[in-house]
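To start, the structure itself, in structure tokens.
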Amino acid sequence: MEIKVRGCLDSLAVYQPGKPIEEVKRELGLEDIVKLASNENPLGPSPRAMAAVAAAVSQMNFYPDGSAYRLRAALAARLGVEFDAVIVGNGSNELVQMLSLALLEPGDEVVMPVPTFPRYEPLARLMGAVPVEVPLKDFRIDIEAMAARVGPKTKMIYLCNPNNPTGTIATRQEVDWLLARLDPAVLVVFDEAYFEYVTHPDYPDGLDYYRRGYNVMVLRTFSKMYGLAGLRVGYGVGSPRLVGYLNRVREPFNVNALAQEAALAALEDEEFVTLTKKTNEEGKRFLYQAFGARGIPYVPTEANFIFFDAGRDERVVFRRMLAEGVIIRGGFGYPTHLRVTIGTAAQNARFVAAIEKVLAE
């Protein structure tokens with residue numbers, strides 16, 4: 001039977017997430033699997049979030065609060081912004097989709113680095129817009145090159161900061177320079193999914209630009225630091241006028257009731273955040289040392305993952321690491337580079353033993 005679909009769908013690839021543990025078990029018959037592919041929190045979810053979900057389970061027969069009032073109010077108070085400036089989504093990915101639906105028309109241009117978070121490009125194409133992809137320079141977002149690609153048709157610019165998959169940042173000076181040269185009508189989207197992990201003193205907080213009146217949207221998530229990736233809760237901060245338009249394209253009840261309760265509780269779990277940061281910094285130092293001792297080049301990171309050069313076909317390395325029971329991630333457009341999530345001490349040691357064995361073969 002012939003199905004008539006939109007022409008743009010032929011050029012859109014299906015998003016390929018990191019391999020789940022159960023899939024690897026089925027495919028390879030392995031039981032002991034370490035997943036370090038999707039930048040999930042290796043400590044599990046926030047304990048306060050787990051308790052909140054358990055307490056709310058008996059209310060699953062009711063629809064969630066469609067406006068997510070309590071969560072938005074808590075975020076607004078914590079961030080020091082207006083209530084109407086906050087919107088929540090089914091992960092920050094849904095907020096990218098909302099931006100595309102609300103702002104993009106055929107022929108509009110969207111400037112973005114490459115490689116970066118892989119949903120900006122297809123969601124622009126879905127609306128008939130033109131992705132303007134600017135290659136990284138030395139694994140960093142090339143701010144000058146991005147500014148040079150801005151033209152009269154540019155509607156949005158995406159800055160994933162820290163950038164995924166490289167873990168590098170655009171500095172405050174670079175972002176200041178870019179914003180000073182932009183037409184105020186161009187929306188700059190700061191995707192700050194990993195901002196809690198940053199230790200660099202020159203990291204620019206996207207909310208500072210919002211407070212100073214720039215035309216920006218700041219996207220963040222509960223998936224990484226708070227360990228709620230399975231519940232899908234993201235949030236954005238932008239002008240109340242922009243948020244009002246995003247709400248017109250937002251799906252009703254887009255953030256489920258358990259997710260809202262978990263996010264509210266996680267916001268108060270400072271002990272878990274402190275432990276997560278400590279675990280990440282210790283793991284980062286361990287992996288830096290391990291890479292250095294084995295002559296494996298890597299990109300210093302400001303996130304909870306490290307981009308490294310295996311020195312051989314990344315597809316082969318990926319498959320061989322799977323056979324060792326360690327799931328990492330490749331496919332970023334670099335022929336020999338892969339990304340590994342920083343895990344617990346035991347997980348990091350398992351990765352190092354596996355990558356040493358694979359690269360010795």
Side-chain angles (χ1 to χ4, degrees), residues 5-18 38-39 86-136 141 146 149-151 153-166 170 182 185-195 206 215-224 229 232-239 241-255 259 329 331-333 339:
V5 300
R6 295 174 59 193
C8 67
L9 296 185
D10 287 332
S11 65
L12 297 186
V14 176
Y15 177 70
Q16 298 296 327
S38 300
N39 308 333
V86 180
I87 187 169
V88 296
N90 186 35
S92 55
N93 178 84
E94 189 194 19
L95 297 168
V96 174
Q97 184 176 37
M98 290 183 205
L99 286 166
S100 299
L101 289 170
L103 299 182
L104 298 180
E105 297 180 296
D108 286 341
E109 293 182 350
V110 184
V111 179
M112 62 192 71
V114 62
T116 192
F117 182 57
R119 298 303 293 159
Y120 310 146
E121 180 264 342
L123 289 171
R125 290 193 188 278
L126 187 65
M127 302 308 298
V130 179
V132 178
E133 298 182 316
V134 181
L136 303 182
I141 295 175
M146 290 186 69
R149 299 296 301 276
V150 173
K153 295 183 179 180
T154 303
K155 183 70 70 70
M156 287 197 297
I157 296 177
Y158 279 107
L159 289 179
C160 186
N161 203 28
N163 189 46
N164 177 14
T166 56
L182 281 182
V186 176
L187 178 69
V188 178
V189 181
F190 291 93
D191 188 342
E192 297 181 344
Y194 302 95
F195 84 99
N215 184 19
V216 303
M217 184 80 189
V218 181
L219 307 182
R220 293 178 176 176
T221 183
F222 286 87
S223 294
K224 312 302 181 182
R232 314 302 301 122
V233 195
Y235 62 96
V237 176
S239 73
R241 183 166 181 259
L242 173 58
V243 168
Y245 283 117
L246 297 184
N247 274 315
R248 297 186 186 197
V249 300
R250 178 177 60 84
E251 288 293 321
F253 310 115
N254 61 320
V255 178
R329 189 76 180 266
F332 297 109
R339 188 191 69 196

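Using a 4.5 Å cut-off on side-chain heavy atoms (C-beta onward), D191 and T116 make no contact. When side chains are defined from C-beta on, F332 does not count as touching T166, because their heavy atoms never get closer than 4.5 Å. Contact annotation: the side chain of L101 approaches that of M127 to within less than 4.5 Å [non-hydrogen atoms, C-beta and beyond]. Side-chain contact between I141 and L136 is present, with at least one heavy-atom pair separated by less than 4.5 Å. Residues L126 and L104 fail the side-chain proximity criterion, which asks for heavy atoms closer than 4.5 Å. Counting heavy atoms from C-beta on, the side chains of L246 and M217 come closer than 4.5 Å.
When every heavy atom of A129 is checked against every heavy atom of P131, the shortest pair comes out as O-CD, 3.5 Å. Residues T154 and R149 come closest through the heavy atom pair OG1-O, 4.1 Å. When all heavy atoms of A193 and T221 are compared, the pair lying nearest together is O-CG2, 3.6 Å. In plain terms, the two heavy atoms of V86 and V243 that are nearest each other are O-CG1, 4.0 Å. The shortest heavy-atom contact between V188 and L159 is CG1-CD1, 4.0 Å. When every heavy atom of N93 is checked against every heavy atom of L123, the shortest pair comes out as O-CD1, 4.4 Å.
Summarising the geometry, atom CZ belonging to R250 is positioned 8.0 Å from atom CD belonging to E94; distances are rounded to the nearest 0.5 Å. Residue R119 holds its CZ atom at 9.5 Å from OG of S100, rounded to the nearest 0.5 Å. The distance from atom CG of L242 to atom CG of L103, rounded to the nearest 0.5 Å, is 6.0 Å. Here the CG-CZ distance, from N215 to R241, works out to 10.0 Å after rounding to the nearest 0.5 Å. Atom CD of residue E105 and atom NZ of residue K153 lie 13.0 Å apart, to the nearest 0.5 angstrom. One distance of note links CG of N254 with CD of Q97; it measures 10.5 Å at 0.5 Å rounding.
With no hydrogens or angles considered, a side-chain donor-acceptor pair links R339 and N164 at under 3.5 Å. S223 and R232 share a donor-acceptor pair across their side chains, judged by distance under 3.5 Å alone.
Checked options N161, N163, N39; the residue passing with Y194 is N39 (criterion: side-chain hydrogen bond (donor to acceptor under 3.5 Å, both in side chains)).
In this structure, E192 contributes its side chain and G206 its backbone to a donor-acceptor pair below 3.5 Å.
In this structure, Y120 and Y158 have parallel ring planes: the angle between them is below the 30° cut-off, well short of the 60° mark.
Within the structure, side-chain hydrogen bond (donor to acceptor under 3.5 Å, both in side chains) pairs that include any residue of residues 123-134 comprise E121-R125 (at least two apart or interchain).
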